[in-house]
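Each remark here refers to the structure printed beneath this line.
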Amino acid sequence: MTSTPAAPDAPPAGLLRLQVLTKRADFLRASRARRVAMPGFILQARAGNGTDHVRIGYTCSKKVGNAVARNRAKRRLREIARLVLPHDGTVGTDYVLVGRANVTATRPFDLLVSDLRDALGRMT
RNA sequence: GCGGAAGGGCGGAUGGCCGCUUGGGGACUAACACCCCGAGAGGAAAGUCCGGACUCCAGGAAGCAGCGGUGCCGGGUAACACCCGGGCGGGGCAACCCGACGGACAGCGCCACAGAAAACAGACCGCCUGACGCGCCCGCUUGCGGACGCAGAGGUAAGGGUGAAACGGUGGGGUAAGAGCCCACCGCCGGGCUGGCAACAGACCGGGCAUGGCAAGCCCCACCGGGAGCAAUGCCAAAUAGGGACCGCGUGCCGGUUUGUCUUCGGGCAAUCGGCGGGGCUGCUUCUGCCCCAGCAGGUCCGGGUUGGCAGCUAGAGCGGCACUGGCAACAGUGUCGCGAGAGGAAUGGUCAUCUCGGGGCGGGCAACCGCCCUAGACAGAAUCCGGCUUAUAGCCUUUCCGCGCGU
């Protein structure tokens, strides 16, 4: 994969498009698949979703905190997914990012981004 | 200046880059792909505790029962358990604060511990009187008198002590000692009078006092309330099914008309109309209405199914500012200006700078203060929508009032 700098550029046309998971069943399937724990989050990935898209879901349980803390953690996870997955994701895979209490909302953003790249590297 | 009381307001700002949801517009047949413009979390969005709007269900109305709620009075409001004003009680020097604040002669129940006694009177320690007699002392006229103590019995509830509460309180008179036994004041009860819309207050007259507390135990009284909730509800599409079992009520009666059909020409059967009857529609009753009577409106259970999209969905008892009018006020009216999220695994952001307010650290200085560095830092995220209440909250700004001290 070409590692374009984490530039705040829009993903160029032609790169992978993301779809958001909405079905509870998809989340349950992903949670039973491979997982990689990182300091800022946990990545779950399940190949073969039967589509030609990269699909992504976010989970922040009540353990992460109150509603404000959960929303903030989810937004940061969404942002790193938006920056990394169109370049480094694998077609036909469902990814689920799970937030962690205190860490996901406070870890420096560039570390969070490199965490996701490392996690994807370990998956393959 | 110090200490205190009651409110009101705010709750970071600006910019760059990259995004999300949505309204409008743009060339195009269209798709959600692109471009432009606009909008996009709170004072509590929270707890889900009250009150409503709205939707569906119970056919409608009234009464009764049951259940739930409210509970000093008046006003405000769509409504409220909210708000405003007033009354009463309690706290505070005061500003001010607090109050489940209707009824204990409708009835039942309860009043722990302590205490003699806890609701109807009673008497533990006491106080007072004191028969018969006993003890002891004194006097002398030597068997009489007197003092004291004990004491059967009686009077009393002042004092002690217990308690949340002890059968009105304080003072005086009175008495053997005492007691509303009598008197004054206070309290209480009753009565009318005056003021007030009222809660209530005031003075007056009468009564020696009868009526302990708990209604936050049941209860009584007055007033209010049908149930479930936007996962309500409606529509569309797909998939599955085009069901089964049991219970209940029941296989009606009379009359008319026409049509069809059968006829042994009497009529029968079916359809149709009217009446009666039966059944169903909220726990009961009444009135009214609707439906059903050949299978079905109704009930219970089993099986199957239980996904997606659209609407509801944000402009309404709207909210806020200012001015005027009415009102002590809450609030109402009129005019004018401004604001006005609409997601749906759930948008309203991510990140980087700069600034400002507070906070922290270091250095200089007796101090006021000055310089440098670090740090947006409290509670917290709309979920149908409004009005309240309650709870959480770093820090900042501000108004009025009270007490004390100082100065004029």
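Reminder, nothing fancy here: chain letters follow the sequence lines and each chain counts from 1.
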Working to the nearest 0.5 angstrom, can you tell me the gap between [X] [atom1] and [Y] [atom2]?
{"X": "L116(A)", "Y": "L120(A)", "atom1": "CG", "atom2": "CG", "result": "4.5 Å"}
{"X": "L97(A)", "Y": "D115(A)", "atom1": "CG", "atom2": "CG", "result": "11.0 Å"}
{"X": "R46(A)", "Y": "R55(A)", "atom1": "CZ", "atom2": "CZ", "result": "8.0 Å"}
{"X": "Y95(A)", "Y": "L77(A)", "atom1": "OH", "atom2": "CG", "result": "15.5 Å"}
{"X": "R122(A)", "Y": "M38(A)", "atom1": "CZ", "atom2": "CE", "result": "5.0 Å"}
{"X": "F41(A)", "Y": "C60(A)", "atom1": "CZ", "atom2": "SG", "result": "12.0 Å"}

Partner of [N] by Watson-Crick or G-U wobble geometry, both contacts under 3.5 Å, or none?
{"N": "C372(B)", "value": "G361(B)"}
{"N": "C324(B)", "value": "G333(B)"}
{"N": "C105(B)", "value": "none"}
{"N": "G283(B)", "value": "C64(B)"}
{"N": "G318(B)", "value": "C339(B)"}
{"N": "C56(B)", "value": "G227(B)"}
{"N": "A353(B)", "value": "U14(B)"}
{"N": "A131(B)", "value": "none"}

Check the distance between [N]'s [atom2] and [X]'s [atom1] and give it to me in whole angstrom.
{"X": "L83(A)", "N": "G19(B)", "atom1": "CG", "atom2": "P", "result": "10 Å"}
{"X": "L111(A)", "N": "U351(B)", "atom1": "CG", "atom2": "C1'", "result": "14 Å"}
{"X": "I80(A)", "N": "C18(B)", "atom1": "CD1", "atom2": "C1'", "result": "15 Å"}
{"X": "K74(A)", "N": "C20(B)", "atom1": "NZ", "atom2": "P", "result": "18 Å"}
{"X": "Y58(A)", "N": "G19(B)", "atom1": "OH", "atom2": "P", "result": "15 Å"}
{"X": "L77(A)", "N": "U351(B)", "atom1": "CG", "atom2": "P", "result": "11 Å"}
{"X": "E79(A)", "N": "G349(B)", "atom1": "CD", "atom2": "P", "result": "12 Å"}
{"X": "N71(A)", "N": "A45(B)", "atom1": "CG", "atom2": "P", "result": "18 Å"}

Inset, instruction - Looking only at side-chain atoms of F109(A), point me to the closest of G381(B), G19(B), U351(B). - result: U351(B)
Inset, instruction - Can you figure out which of G19(B), G381(B), G350(B) approaches the side chain of A67(A) most closely? - result: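 Selected nucleotide: G381(B).
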Legend entry - R75(A) side chain near U348(B) phosphate (N/O to OP1/OP2, under 4.0 Å):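 For R75(A), the contact criterion (side-chain N or O under 4.0 Å from OP1 or OP2 of U348(B)) is met.
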Inset, instruction - Check whether any side-chain nitrogen or oxygen of R78(A) sits under 4.0 Å from OP1 or OP2 of U21(B), and answer yes or no. - result: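 False: R78(A) side-chain N/O out of range (4.0 Å or more) of U21(B) OP1/OP2.
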Determine the Euclidean distance between corresponding [atom1] atoms of [M] and [N]; express it in Å to zero decimal places.
{"N": "C396(B)", "M": "G16(B)", "atom1": "P", "value": "33 Å"}
{"N": "G388(B)", "M": "C67(B)", "atom1": "C1'", "value": "27 Å"}
{"N": "G71(B)", "M": "C82(B)", "atom1": "C1'", "value": "16 Å"}
{"N": "C357(B)", "M": "A346(B)", "atom1": "C1'", "value": "36 Å"}
{"N": "A114(B)", "M": "A164(B)", "atom1": "C1'", "value": "12 Å"}
{"N": "C10(B)", "M": "A378(B)", "atom1": "C1'", "value": "14 Å"}
{"N": "A100(B)", "M": "A215(B)", "atom1": "C1'", "value": "11 Å"}
{"N": "U259(B)", "M": "G234(B)", "atom1": "C1'", "value": "45 Å"}

How would you label the glycosidic angle of [N]: syn (within 90° of 0) or anti?
{"N": "G344(B)", "value": "anti"}
{"N": "A157(B)", "value": "anti"}
{"N": "G43(B)", "value": "syn"}
{"N": "A210(B)", "value": "syn"}

Inset, instruction - Using the six-membered ring of Y58(A), assess whether NZ or CZ of R78(A) lies under 6.0 Å from its centre and within 45 degrees of the ring axis. - result: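 Output yes; distance and angle both within limits.
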Inset, instruction - Tell me which of N66(A) and R76(A) sits closer to the 5' end of RNA chain B, going by the nucleotide each one is nearest to. - result: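 Nearest-nucleotide comparison on RNA chain B picks R76(A).
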Inset, instruction - On RNA chain B, check which nucleotide each of A105(A) and G57(A) is closest to and give me the residue with the more 5' one. - result: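 Result of the comparison: G57(A).
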Legend entry - Short N-O contact, R76(A) and E79(A), less than 4.0 angstrom: no
Inset, instruction - Using a 4.0 Å heavy-atom cut-off across all strands, classify R70(A) as base, sugar-phosphate, or nothing. - result: nothing
